[in-house]
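The structure appears right after this line, and notes come after that.
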Amino acid sequence: MTGTSFEFRSLFSAYATGTTPLDIVEEVYDRIAAVDDPGIFLHLRDKAEVLAEADALGAYDPDRPLWGIPFAIKDNIDLGGAPTTAACPEFAYTAEKDAFVVARLRAAGALLIGKTNLDQFATGLVGVRSPYPIPKNAVDPQIVPGGSSSGSGVAVSHGIVSFSLGTDTAGSGRVPAALNNTVGLKPSLGALSASGVVPACRTLDTISIFALTVPDAYAAFQCACAFDPGDAYSRALPAPDLGPVQPNLSLAVPDANSLEFFGDQVQAASFADALATLRELGCEITEIDFTPFFEVAKMLYEGAWVAERMAVIEDMMRDAPDAIHPVTRQIIGAAESLSAADAFRGIYRLADLKRAAEPALAGVDMLCVPTIPTFYSVSDLDADPIGPNSRFGTYTNFVNLMDMCGIAVPTNPRGDGRPGSITLLARAGLDYMIAGLAARVHSASNPALGATGFHASTSHPMTTHQATETEMAIAVVGAHMSGLPLNHELTDRQARFLEATTTAPDYRLFALAGGPPVRPGLVRDLTAGSAIKVEVWAMPKTEVGHFMERIPMPLSIGTIRLADGREFKGFLAENAALDGADEVTSYGGWRAYLDRQ
């Protein structure tokens, strides 16, 4: 099994040719020994116990999507019967049961190997704030491993496990991914239950997922994503299958005055290269002033949210301060000078800044930022334990405060060979949208998988092109198409792009009278019709009624036949609407008509 990277597809191919989960468990423990880094795991399960679980899986079960997949969890997440330390021995307790998410992953067939190191109490982005041995960066041991999910990021990069769980409050699920050349999926807040997780900032925390590829990270996310009534911050959010990426996605990036790389011109060139890849993939990129986002980022360690960290360990800060890492104690101790009024002032300030950022976000599908602005070595942190950590959070600290989902994805290696990485961000509930684009970016760049030396075995198919039982497929012909002014009426309702196609050759397209804006009208004509370009979107059925309420006369929802004979609900115009309208059928579609105006 030394010839596999442990990405899911590679493992399932091995299983199909006779490899067993017991073989994989043996390989995992062999790899742990070969890597020989005592800083990665704080609790490693007994191999015999994991072998017994692997044997109990029985024959391959397609209803268990993570069957035989090895994974690890950060040691602020509970495993029943094992210690949870949060990297503080004096804080340790034995968990009574698995965390909600861990239980779901194991029920899906995943094999838990152990619990990984972290910056103590998940406070830090560098990965060196632990009383235990510090994990070594898998790509370059001179570089910090990144935190706070240090061991989880390193374990995946080495190919010891196929995926791992971290947590992310300020960037802890993204920074280690960038530093170790892996994917880091930071879900929408509340999508993954926090039951059985030691909080850092309970209102901002989420479990995160590291993997070698985007489809692997997303598959684990789908299995873990479920509403948990036992978690007051849990939300019922969608996790549909990854589908084709909609065309003409609009991305906002920091403008030239906002971009900050702290003098690292190689990193600046790497980000420019990644933006070129996104343009080649058809994305439309707009530069925006990032000042409001940077101001939000500053708030994470100023005021209310430092006090929230104090709420977790207040007794220990008072009764056993020496048990806490000195840097962690210094950071959280700042809360002692804050008042309740300070906390409310911080909450008001955040609301003001979020409102100030709204114009920059209007009309774009997502943001794209560098995951990290530069790299720091272990010796840099010895000299300055605070500054580099703060700079790592330049493009990460604002995300959870603004209720966004995010995914860090490797890009082409930098000019000096270090990993390249960008992060895609969108509002809560659009995890599938950012993952879909991230998968295309990763495939187009095709960097090595972590530190394994392997590249993705094959391109992963983006499924599915069909609406699920809880969705309705809707064909759109005009301003609701990707990149056009009313597309947000679909995405605001969590509709997802399925495909771009054409109608049967039975339709005529008109630019209706009135406006601005000019509106399209699609009319069926069996004698003088033509094929017209359309997009098909899947919308949750619970949202369809609200969507239809906004459809103005003379438009209506009818049945549209596609070129391949399939039929979907979609926009049609009443015949009365054609008075004074200009026929634009010859353009073949509304976007082509607009482009010619």
Side-chain angles (χ1 to χ4, degrees), residues 6-9 11-12 15 20-25 28 43-82 84 94-116 152 155-156 161-167 185 187-188 190-198 206-211 215-231 233-242 431-432 435 463 468-470:
F6 269 22
E7 61 170 317
F8 289 16
R9 172 161 292 197
L11 274 181
F12 285 134
Y15 286 145
T20 70
L22 283 80
D23 298 326
I24 295 302
V25 172
V28 167
H43 174 74
L44 189 62
R45 297 183 70 201
D46 182 76
K47 183 170 72 171
E49 184 178 355
V50 184
L51 284 170
E53 289 185 6
D55 188 50
L57 288 174
Y60 173 69
D61 182 356
D63 292 330
R64 304 181 75 182
L66 301 181
W67 186 91
I69 301 292
F71 77 112
I73 63 174
K74 187 175 180 178
D75 195 24
N76 59 346
I77 303 171
D78 285 349
L79 165 64
T84 297
T94 299
E96 294 182 1
K97 62 180 181 178
D98 290 354
F100 182 90
V101 164
V102 173
R104 287 188 60 84
L105 294 170
R106 297 178 80 181
L111 296 168
L112 181 54
I113 303 302
K115 307 187 71 180
T116 57
S152 290
V156 168
V161 290
S162 298
F163 75 95
S164 64
L165 301 184
T167 59
L185 174 60
S188 301
L192 302 188
S193 168
S195 293
V197 180
V198 178
T206 179
I207 288 177
S208 63
I209 300 170
F210 298 95
D216 291 358
Y218 193 78
F221 166 72
Q222 284 186 298
C223 291
C225 183
F227 177 72
D228 174 15
D231 174 11
Y233 289 94
S234 180
R235 293 192 281 186
L237 291 173
D241 289 346
L242 291 182
D431 307 75
Y432 61 90
T463 58
T468 67
E469 291 182 358
T470 62

Rounded to the nearest 0.5 Å, how far apart are [atom1] of [X] and [atom2] of [Y]?
X	Y	atom1	atom2	answer
Thr167	Asn76	OG1	CG	4.0 Å
Ser188	Phe221	OG	CZ	6.5 Å
Ile24	Ser162	CD1	OG	8.0 Å
Thr206	Tyr233	OG1	OH	14.0 Å
Ile209	Asp216	CD1	CG	10.5 Å
Ser164	Ile73	OG	CD1	10.5 Å

Tell me the closest heavy-atom pair linking [X] and [Y], and the distance in Å.
X	Y	result
Cys223	Ala108	SG-CB, 4.0 Å
Ala224	Val101	CB-CG1, 3.6 Å
Pro21	Leu111	CB-CD1, 4.3 Å
Ser193	Phe100	CB-CD2, 3.3 Å
Ala72	Leu112	CA-CD1, 3.9 Å
Ala239	Tyr218	C-OH, 3.5 Å

Short question: side chain of Thr94, backbone of Gly81 - any donor-acceptor pair under 3.5 Å?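 Looks like no, no N/O pair under 3.5 Å.
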Heavy-atom donor-acceptor pair, Asp228 side chain to Gly230 backbone, under 3.5 Å: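 Yes, the answer is positive, given that a donor and an acceptor are paired below the 3.5 Å cut-off.
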The test is side chain to side chain contact (heavy atoms under 4.5 Å, CB included); show your working for Gln222 and Asp241 and say whether it passes. CA-CA 8 Å; Gln222 284 186 298; Asp241 289 346; 2.9 Å; yes
Applying side chain to side chain donor-acceptor pair (under 3.5 Å) to Asp231 and Ser195, what does each step give before you reach the verdict? CA-CA 6 Å; Asp231 174 11; Ser195 293; 5.0 Å; no
Which residue in the set Val50, Val28, Val25 passes side chain to side chain contact (heavy atoms under 4.5 Å, CB included) when paired with Pro70?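 Answer after filtering Val50, Val28, Val25: Val28.
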Close side-chain approach of [X] and [Y], heavy atoms under 4.5 Å:
X	Y	value
Ile207	Lys74	no
Phe210	Val161	no
Leu44	Ile113	yes
Leu66	Phe163	yes
Phe71	Arg106	yes

Quick one: salt bridge (charged side-chain N to carboxylate O under 4.0 Å, His left out) partners of [X], sequence neighbours excluded?
X	answer
Arg104	none
Arg45	Glu49, Glu53
Lys47	Glu26

Report the C-alpha distance between Leu105 and Leu165 in whole Å, list the side-chain angles of each, state the deciding distance to 0.1 Å, and finish with yes or no for side chain to side chain contact (heavy atoms under 4.5 Å, CB included). CA-CA 10 Å; Leu105 294 170; Leu165 301 184; 3.8 Å; yes
Whether Trp67 and Tyr15 hold their rings parallel, tilted or perpendicular, with breakpoints at 30° and 60°: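 Correct class here is perpendicular.
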